[in-house]
Undergrad: 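One structure is given below, represented as structure tokens, and several questions about it will come after.
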Amino acid sequence: MLPRSIGRIASVTGSKAILLLDVTHENDPKSRADRPEMGTLLAIDAGATTVLATVSALSVPVPAHGTEQEIRIAELGLVGELKKAPDGRPVGFNRGTTTYPTLGDRVRFATKYELQLTYAGNDKECVRIGSIRQDSAIPAMIRVDDLLGKHFAVLGTTGTGKSCSTALILRAILERNPNAHIVLLDPHNEYATAFGDRAEVISPRTLQLPLWLLNFEEAVEVLVGDTERKGEIEILQDLIPLAKARYSAGRNSDPQKLRKPGLDGSKFTVDTPVPYRISDLTNLIDERMGKLENRRDLAPYRQLKTRIETFVQDGRYAFMFGSVTVYDGMAQVLSRVFRVPVNGKPITILELTGLPPEVVNVVVSVLCRMAFDFALWGEGKVPVTVVCEEAHRYVPLNSQMGFEPCKRAIAKIAKEGRKYGASLCIVTQRPAEIDPTILSQCNTVFALRMSNERDQAIVQSAVADTGTGMIEFLPALGAREAIAFGDGVPIPVRIKFDELPANALPRSTTARFSEKWQESLGDEAFLEAVVERWRAAGVCGQLDAASQAQLFAESVSLPASVGLPRRAEPALTERFGLERAQPEPAPERTHVDRQGHEFDTRRAPAPEPQGHPVASAPREPMAAPRVELRRPLSPSDVPRTAPASSGFLSRNEPPSLSQADAASAPSNPRLALRERLLKPTIPR
């Protein structure tokens, strides 16, 4: 039984219509139930179809005085139609209108069956994310293919529930698609708890993104930083292909390593994603410096080398510079980041907190560029979705801000990714500060509460259908409410998101000041723990060779046996004159203590004998403290006398001891000192 009509059509203009509401008695309870509200879905019977329209505005042009009957009108937006079967029963919803209502057609509320047919759609292609505002019993569904294939955005002011809404949408998609491939860029480390065991969480400590995976623009941003320093940029442009060719030649000459066909070392470019060693790059810089005589020409080489050495010694850059060996693990990196195979973890969460601010945009640029290239060269067989949280950081409206290659990488996914299976999700609280070109490519938008007029204007400009009238709801939306419009939803609708379980909430709740300020924390152990975590964030990744090899093997899913030979040492050991890695300290030492102990041990110089100063290697310009490299001493340099209490050899004593004496007195301190002085520190 259809509801009674509430008025008749008085005007039709394109996709809009004017409804003249019937005059009702104010005290009649039925009249109150028949009054439409903003966003209400109404039905207009028009022959073989039922036209659906949403209420976008209500008004009284001329208020009545006394006993006069006032005129009440409602502005409608035509959103779609329901086709009817021969028996008159609606059978399917189509977006758009092929049959327009005529003047005088009666208008009524849509029935529950019509609402369900419109909003629920085909259960096989849709997933539930909440309920509609008009009837909480009707589920709010999203079309997964249209949502991901044409990109979507989650917009809203801080504190309105963007993180929870994003987690809810992704969890709903993963429930129906357990073998998905989603990469989530998490700048605040808040999403790991929302997905549990289904997420592969990559932190700065476990991230492996070697320098050779960067293209030339990204490498310049890291190694040079300032695009105005043309000299250093030209040096990198010349030397990086040579370093790649040198590494390729070394692999060809090693019979134990398989050479992949199809790569010609003489044809490498600065953007070819093949490995090269940092040590080869610095050696090439040294070779170029040795051929130059003008000191002015040496300046860019020295600055570039100093910057590289600084990054190598900085533990925060260990994910990019800390690998002691160069391993062609591009396939393993792609496997881990893009979940191929899935292995029960369809989403990768990259936690960006802890990465140096100077390289965050570079890391995002690399991942977004790799996502597009992976989808392109994978011929669309493995569709990938990139979720860009806090997107205004990476694609700002101001051309002077952000990192241009990062903006281009995200824009490329937004413009061309649909053709190859790369989709994009933009999450931000500042839509007015995002590049409008990228935001306009998001065909589905979930707009939460917004009070800023500029943000509302941006959202309104992004609406390409008849849902513009619903933008007026944005400042008045409640908790977990949003206006959804675009290809991912059947029609523009006001929805209320489902509530996430307590164990699946992101760590984005607002701090409870009034609760925390009721007690005092005066324990010094708390401050010591804070300081230790604070300092550990700056030295993470400074591991010895064995630990780095094991960590890299785990990060790229290699067997535990794959690692370094014992004779392998960091490439920078010879360059910087550091001693060999010391044995790992006792287990009870903390990570920070071990770092400080090893550094102090290497930094302490050996005592110099009287009258025989030991020549030290010339210092090279560096930003961090260095350890002096002492050349091996010849027997003539060994002092022959010293006070008995000092442990040095006497001047009148023979320069060497017999084997018998050495065997009979293994604990002789003078002999131990002589052996230590004669032993080379580093084989040159």
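This is a predicted model, so every value here is computed, not measured.
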Undergrad: Which atoms form the tightest heavy-atom contact between Ala371 and Ala422, and what is the distance?
TA: O-CB, 4.4 Å
Undergrad: Heavy atoms, side chains only, cut-off 4.5 Å: are Tyr394 and Val360 in contact?
TA: yes
Undergrad: Strictly distance-based, threshold 3.5 Å: is any side-chain N or O of Glu221 a donor or acceptor partner for the main-chain N or O of Val362?
TA: no
Undergrad: I would like to know whether Arg418 and Glu416 meet side chain to side chain contact (heavy atoms under 4.5 Å, CB included); could you show each step before the answer?
TA: CA-CA 6 Å; Arg418 179 179 60 86; Glu416 307 176 27; over 6 Å; no
Undergrad: Phe374: which residues meet the ring-ring contact (aromatic ring centres under 6.0 Å, His included) condition with it, sequence neighbours left out?
TA: Phe338
Undergrad: What donor-acceptor contacts under 3.5 angstrom involve side-chain atoms of residues 137-147, with partners at least two apart or in another chain?
TA:
none

Undergrad: In Å, rounded to the nearest 0.5 Å, how long is the span from CZ of Phe93 to CG of Leu52?
TA: 6.0 Å
Undergrad: Less than 4.0 angstrom from a charged side-chain N to a carboxylate O is my criterion; do Arg494 and Glu481 meet it?
TA: yes
Undergrad: Heavy-atom count check: over 12 atoms from other residues, nucleotides or ligands less than 6.0 Å from Leu500 CG?
TA: yes
Undergrad: Within a strict 4.5 Å, meaning less than it, do heavy atoms of the Glu218 and Cys406 side chains meet?
TA: no
Undergrad: Is there a donor-acceptor pair closer than 3.5 Å between any side-chain N or O of Arg507 and the backbone N or O of Thr193?
TA: no
Undergrad: Could you report the tightest heavy-atom contact between Tyr317 and Pro356, atom names first, then the distance?
TA: OH-CB, 3.6 Å
Undergrad: When you measure from the side chain of Thr97 to the backbone of Tyr100, do you find a donor-acceptor pair of N or O atoms at a distance under 3.5 Å?
TA: no
Undergrad: Measuring only between side-chain heavy atoms, which start at C-beta, is Ile495 closer than 4.5 Å to Val489?
TA: no
Undergrad: Give me the atom names and distance for the closest heavy-atom approach of Ile426 to Ala391.
TA: CG2-CB, 3.6 Å
Undergrad: Which residue is it: Thr118, Val51, Ile491? I am looking for the one with a side chain to side chain contact (heavy atoms under 4.5 Å, CB included) to Val79.
TA: Ile491
Undergrad: For a quick test of reading the model, state the closest non-hydrogen atom pair linking Asn361 to Arg393 and the distance between them.
TA: OD1-O, 4.1 Å
Undergrad: Can you name the nearest heavy-atom pair linking Leu20 to Ala10, along with the distance?
TA: CB-CB, 4.2 Å
Undergrad: Ion pair present between Lys412 and Asp373, side-chain N to carboxylate O less than 4.0 angstrom?
TA: no
Undergrad: Is it the case that the side chains of Ser136 and Ser131 hold a donor-acceptor pair, with the cut-off being a distance below 3.5 Å and no angle test?
TA: no
Undergrad: Ignoring hydrogens and geometry, is there a side-chain-to-backbone donor-acceptor pair from Thr206 to Ile202 under 3.5 Å?
TA: no
Undergrad: What do the steps show when you test Glu75 against Ile18 for side chain to side chain contact (heavy atoms under 4.5 Å, CB included), and what is the final call?
TA: CA-CA 5 Å; Glu75 297 181 17; Ile18 300 297; 3.8 Å; yes
Undergrad: Does the side chain of Ile483 come within less than 4.5 Å of Val459's, by heavy atoms?
TA: no
Undergrad: Does any part of the side chain of Leu207, heavy atoms only, come nearer than 4.5 Å to the side chain of Leu350, both counted from C-beta?
TA: yes
Undergrad: When you measure from the side chain of Thr444 to the backbone N and O of Gly486, does any donor-acceptor pair fall under 3.5 Å?
TA: no
Undergrad: Kindly indicate whether the side chain of Arg106, heavy atoms from C-beta on, has any atom under 4.5 Å from the side chain of Asp22.
TA: yes
Undergrad: Please report the interatomic distance CD(Glu351) to CG(Leu184), rounded to the nearest 0.5 Å.
TA: 10.0 Å
Undergrad: Rounded to the nearest 0.5 Å, what's the gap from CG on Asp435 to CG on Asn398? Could you check?
TA: 11.0 Å
Undergrad: Please walk me through it: do Asp135 and Tyr119 pass side chain to side chain contact (heavy atoms under 4.5 Å, CB included)?
TA: CA-CA 11 Å; Asp135 188 345; Tyr119 290 110; over 6 Å; no
Undergrad: May I ask you to decide whether Glu37 forms a salt bridge with Arg133, counting only side-chain N to carboxylate O separations under 4.0 Å?
TA: no
Undergrad: Under a 3.5 Å distance rule, please check whether Lys415 uses its side chain to pair with a backbone N or O of Ile438 as donor and acceptor.
TA: no
Undergrad: Is there a side-chain contact between Ile6 and Pro36, using heavy atoms and a 4.5 Å cut-off?
TA: yes
Undergrad: Could you tell me which non-hydrogen atom of Ala482 sits nearest to which non-hydrogen atom of Leu477, and how far apart they are?
TA: CA-CD1, 3.9 Å
Undergrad: Is it the case that the side chains of Glu389 and His188 hold a donor-acceptor pair, with the cut-off being a distance below 3.5 Å and no angle test?
TA: no
Undergrad: Any donor-acceptor pair under 3.5 Å linking the side chain of Arg449 with the backbone of Gly156?
TA: no
Undergrad: Quick one: does any side-chain atom of Asn177 pair with a main-chain N or O of Ala180 as donor and acceptor, under 3.5 Å?
TA: no
Undergrad: Any sub-3.5 Å donor-acceptor pair from His151's side-chain atoms to Gln441's backbone N or O?
TA: no
Undergrad: Do the ring planes of Trp517 and Phe513 sit parallel (below 30°), tilted (30 to 60°) or perpendicular (above 60°)?
TA: perpendicular
Undergrad: Please answer whether the main-chain N or O of Tyr191 pairs with a side-chain N or O of Asp186 as donor and acceptor at a distance below 3.5 Å.
TA: yes
Undergrad: Salt-bridge test for Glu81 and Lys83: reply yes if a basic N is under 4.0 Å from a carboxylate O, no otherwise.
TA: no
Undergrad: Given Glu114 and Arg108, is the salt bridge (Lys or Arg N to Asp or Glu O under 4.0 Å) satisfied, shown in steps?
TA: CA-CA 12 Å; Glu114 291 171 336; Arg108 58 176 175 82; 3.0 Å; yes
Undergrad: When rounded to the nearest 0.5 angstrom, what distance separates OG in Ser165 from CZ in Arg480?
TA: 9.0 Å
Undergrad: Output the distance between atom CD1 (Ile458) and atom OG (Ser440), rounded to the nearest 0.5 Å.
TA: 10.0 Å
Undergrad: Between Phe319 and Val359, does the side chain to side chain contact (heavy atoms under 4.5 Å, CB included) criterion hold? Intermediate values first, please.
TA: CA-CA 11 Å; Phe319 70 94; Val359 298; 4.0 Å; yes
Undergrad: Would you say Arg408 has more than 12 foreign heavy atoms packed within less than 6.0 Å of its CZ?
TA: yes
Undergrad: Which value, rounded to the nearest 0.5 Å, describes the distance between Asp487 atom CG and Cys442 atom SG?
TA: 11.5 Å
Undergrad: Is there a side-chain contact between Thr102 and Asp105 (heavy atoms, below 4.5 Å)?
TA: yes
